[in-house]
Amino acid sequence: MKSRRRPYAEQRPHDLGGGVWSVPVPIPGNPLGYTLVYAVESPQGPVLVDAGWNHPDAWDALSGGLRSLGFDVSGVRGVVITHFHPDHAGLAGQVRDASGAWIAMHENDAELVRLMSEYAARDHDDFQTDMLRRAGAAPAEAGQATGARPAPPATPDRVLRDGDLVDLPGRKLRAVHTPGHTPGHICLHLEDADRLFTGDHVLPGITPHIGIYPFDRDDVDPLGDFLASLDRIGELGSIEALPAHEWIFQDVATRAAEIRHHHEDKLEHLHALLAERAEPLTIWEAAAMMTWNRPWDDLSPMLRGMAAGEAAAHLRALEAAGRVGRLAGVDPVRFHALDS
Ligand SMILES: [Zn+2]
């Protein structure tokens, strides 16, 4: 890859041509650095794709960045959210307060936002601790992986489904449902210019977190969904990708195929780990044996929890493909290979 990630301090708002602008919005204290918020022009004010993290510095960057490009945040017509995570949806409510803009997201993520708003922080911690225990984490470790949770994002005014056109007068911006990173993740295809806002679904240098919550669910398959969503984006061909992090890149199809291969390798490796073992593995044991970007012993409790979520999503995808089984009636749940 020719480009590389540069720190937030080196980022600037850009006119990308064709009535599209980008504004880097910092994510304070996060190694990802920033969210790229995009503005797409319309005769009735720009529509934003994502809004950034809810923090005063982020607000200053977003409103100041828009101003430097000739817009005022009070003139924003709408905010379409690729997914409900706080680095994307966090500031949407403040934009709406300043402008009267609508907020739109996919119906599946809108439902999660509704559940989050009803959920007390203490219930969240209990849920997390119990989930980690059922995955096979030692009780002391399970208790450590909880922690600060950002406030739920603003409730959307509008929900989108696959294929819906975003309310953007004079242009064609279509929602493409790409579940995986979240159940309601969408990419947005600017069909009149053949450019794709990819959110976190397809990023140029990293891959999004794919987890399953709670870890021991067997009624959903987020990784299977994610791989199918990558294939779907691959069908759009070698068009330009405007991602929510890192940098803009050409040829979304090639990058989507690379990410698919990354997960296929991980699935094969995990299957081999299970096949080599006489004893079935807990989710926690499987996570500790998988390869992460740092050794397991160096991962913080929070990162171990995320790794376990990712391990669980891979185990579930192998199970859905008929290659792994789970032992019924044991706690914590255990998985074993079904073929070799
Ligand atoms: Zn993100």
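Atoms within a ligand are numbered from 1 in the order they appear, just like the ligands themselves. Sequence positions, counted from 1, serve as the residue numbers for this chain. These numbers come from the heavy atoms of this one structure, side chains and all, not from hydrogens, waters or symmetry mates.
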Below 2.8 Å, any N, O or S contact between H83 and the Zn ion (ligand 1)?
no
Using residues 210-217 as the side-chain source, report each donor-acceptor pair under 3.5 Å to any protein atom, sequence neighbours left out, with the distance given to one decimal.
| residue | atom | partner | partner atom | Å |
| --- | --- | --- | --- | --- |
| Y213 | OH | H209 | NE2 | 2.9 |
| D216 | OD1 | R134 | NH2 | 3.0 |
| D216 | OD2 | R134 | NE | 2.6 |
| D216 | OD2 | R134 | NH2 | 3.4 |
| R217 | NE | D219 | OD1 | 2.8 |
| R217 | NH1 | Y213 | O | 3.4 |
| R217 | NH2 | D219 | OD2 | 3.2 |

Show every donor-acceptor pair shorter than 3.5 Å between a side-chain atom in residues 286-300 and any protein atom, with sequence neighbours excluded, or say none if there are none.
| residue | atom | partner | partner atom | Å |
| --- | --- | --- | --- | --- |
| W292 | NE1 | A287 | O | 2.7 |
| S300 | OG | L303 | N | 3.2 |

Short N/O/S contact of H85 with the Zn ion (ligand 1) (below 2.8 Å):
no
Below 4.0 angstrom, N of the basic side chain to O of the carboxylate: do E118 and R114 qualify?
yes
Which atom, counting only N, O or S, brings D200 closest to the Zn ion (ligand 1)?
OD2
Donor on one side chain, acceptor on other, H181 and D200, under 3.5 Å
yes
N/O/S atom name from D87 that is nearest to the position of the Zn ion (ligand 1)
OD2
